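So you know, we letter chains A, B, ... as the sequences are listed, proteins then strands, and number each from 1. None of these values were measured; they are calculated from a predicted model.
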Protein chains: 2
Amino acid sequence: MPRRPTSADVAREAGVSRATVSYVLNDTPHQSIPEVTRTRVRDAAARLGYAPSVAARVLRRGRSDVVLALLPDWPIGPSVGTMLTELSAALAADGLTLVAHPYDRAGRPAADIAGALGPACVVVLDALAEEQADALEAAGIALVQGLLSGPGDVERRVGRAQVEHLLERGAARLAYAWPADVRVTGFARERLAGVRAAAEEAGTGGVDVREVALDPAAAATAVAAWTSGRVGVCAYNDEVALAVLAGLRVHGARVPAGALVVGVDDVPAAALAVPALSTVAVDLGALAGHLADAVAAALGATRTGPTAAGELVRVVARATS
Amino acid sequence: MPRRPTSADVAREAGVSRATVSYVLNDTPHQSIPEVTRTRVRDAAARLGYAPSVAARVLRRGRSDVVLALLPDWPIGPSVGTMLTELSAALAADGLTLVAHPYDRAGRPAADIAGALGPACVVVLDALAEEQADALEAAGIALVQGLLSGPGDVERRVGRAQVEHLLERGAARLAYAWPADVRVTGFARERLAGVRAAAEEAGTGGVDVREVALDPAAAATAVAAWTSGRVGVCAYNDEVALAVLAGLRVHGARVPAGALVVGVDDVPAAALAVPALSTVAVDLGALAGHLADAVAAALGATRTGPTAAGELVRVVARATS
DNA sequence: CTGTTAGCGCTTTCAC
DNA sequence: GTGAAAGCGCTAACAG
């Protein structure tokens, strides 16, 4: 098996020096190389199937163009997927390549997997233990901690949006359907904080918080107190909301007459539920834009791509509210 | 800002040579270095916050330990997420680090993004254009094309499992709910092929294929012919199945008395639907194991981790069948 | 305008 | 047992 061609091979093939090859292939500015030479070099490269070595380039330049997203522990749904796609596109505009590392149940520390990759920056969706953050810093890797403490308090806004919508629709009192999955506790706490803040401002009474498991029977028990009286239920996300709906149905409760329900995420199943689920959708593109800004800032650069403005959070009103 | 410490710094700090540092930090075998020296080196490294440079290591060793998963065009749900986590764990056992690149709507070619990363191997979930595959090969990057042509024809087995289950439950004739999203056509084709093959073997008549959009009203139109007669509906996935259910409900059809429905994926919403959706679950762990085997083979290594045996595909019978 | 050259930080023979 | 030194493939000063 013939070893991969190097820039020296290309130089030999084209009858120029390695430097010229580098200049031509990188379109280095302020370098006046005649078009014929350029063509010769490019042809030679193509003929040999030359691909530059990332390792060598990174070593030489002293910086990588890779951004690593560390995915959280919890099951990633379509929202996270979409957000990553958007973020990838935003970063690509700045010449950065985004890759994601799925949560490692083996518990490989963040610094470890960053160490195997050598990214310029690490983006975490939830939050990183302090010692992990320090390890990254020591390795000269920028760190962006997202969402939770992130741009504009997205998670709290989500909670506020649920409450505002519910009250607008005539909810008499407020309840919160807390997720059974302990891995999302951090997010649930923020969203609930948003709910409580909005409830307080509106002068509503306290919020009745109950844990709702993703199982119709268990959910039925949990929602027993919400079957009537126009209680406005804020669910942690659409799945929990679907469970609330299933539970309410067991009791024969009427939605939205007796209880109103609103989820978060706008997963495909929300529109297909019966009755169709109202939900809070996050503008993933805008969120990704903010994250891209944070990455650029951490890297000491400025974004070239546009930063999306507008509301981050939007209520999709359907039949359950 | 002080520049990152190098192995030379550690050597100086510990009063040894760079070679010794390398030996100690890498636990190089067949090297008899006294424990005191080892401790001294490790302490020095810790004190300086030394982290080796991936780029330099990769350059020197001539191979990377990174495996890049190229995610498909379509919205990735929890199944893909779980599979990646499993695959990551399986590869980690072989000292490999998995990262994923989200689909880039900017259409950056696979070879491009691989070129920015320098992975040892690329795994694609769907399939790669031939010229892209060639470009990877030229760069000396191994390629594993997954799922579609992959291990044990998973997609076809999914279709077969749907049919077998439906017939067992007394379906009189078969129908297929085809997805409206063109991006998943490749997968839909395979699954439908499995359905047709199983139907033929069972001597059932032809399969009534209809495209079902993810919208109750549109779905209602599509499923008009399936409202009675114990038609067994194989849906492309759980979301399409949910749409079928929504459509059937518009017609007031009884499930499973008039029509039986089975989805694919076992998303959380499936268990919470009313009636609860029957579905085909793929053993993501086993699938990841197969993929890990393929990666190891492509890299000329042999897996150390165990290869999960057992059925790849399993029917989760709930209320709709 | 193009070529020569000096490293980037690391691993790994080979000599002491 | 430990160290000196060569070089992986590339880029960017600096000569020519």
Separation of dG9(C) atom P from Leu25(B) atom CG, nearest Å, is 16 Å
To the nearest Å, give me how far apart NE2 (His30(B)) and P (dT13(C)) are. 11 Å
Arg12(A) CZ to dT4(C) C1': how many Å, rounded? 16 Å
Nearest-nucleotide wise, let me know which of Pro5(A) and Ser17(B) is further upstream toward the 5' end of DNA chain D. Ser17(B)
So which of residues 34-60 of chain B are in contact with DNA chain D, with a heavy-atom cut-off of under 4.0 Å? Pro34(B), Thr37(B), Leu59(B), Arg60(B)
If we ignore angles and hydrogens, is there a donor and acceptor under 3.5 Å between the side chains of Thr82(A) and Ser79(A)? no
Would you kindly say whether Arg108(A) and Ser88(B) are connected by a side-chain donor-acceptor distance under 3.5 Å? no
In sequence, state the C-alpha distance, the side-chain angles, and the governing distance for Arg157(B) and Glu311(B), and then conclude on salt bridge (charged side-chain N to carboxylate O under 4.0 Å, His left out). CA-CA 10 Å; Arg157(B) 287 207 213 173; Glu311(B) 266 313 318; 3.7 Å; yes
The answer to which of Val16(A) and Thr6(B) contacts DNA chain C further toward the 5' end, by nearest nucleotide, is Val16(A)
What is the distance, to the nearest angstrom, from the OH atom on Tyr23(A) to the P atom on dT4(C)? 13 Å
Reported CG-to-CG distance for the pair Asp94(A) and Asp65(A), which is rounded to 0.5 angstrom: 10.5 Å
Figure out the CZ/P separation between Arg61(A) and dA6(C), and round it to whole Å. 23 Å
Here the distance between atom P of dG9(D) and atom CZ of Arg4(A), to the nearest Å, is 9 Å
Please classify the nucleic acid contact of Thr20(A) as base, sugar-phosphate, or nothing, using heavy-atom distances under 4.0 Å. sugar-phosphate
Separation of Leu87(A) CG from Leu125(A) CG (nearest 0.5 Å): 9.0 Å
Spacing of Asn26(A) atom CG relative to dG9(D) atom P, expressed in whole Å: 17 Å
Ion pair check, Asp43(B) and Arg40(B), cut-off under 4.0 Å: no
Does a side-chain N or O of Ser22(B) approach OP1 or OP2 of dT11(C) to a distance below 4.0 Å, or not? yes
Roughly how far, to the nearest 0.5 Å, is the OG1 atom of Thr185(B) from the CD atom of Glu190(B)? 12.0 Å
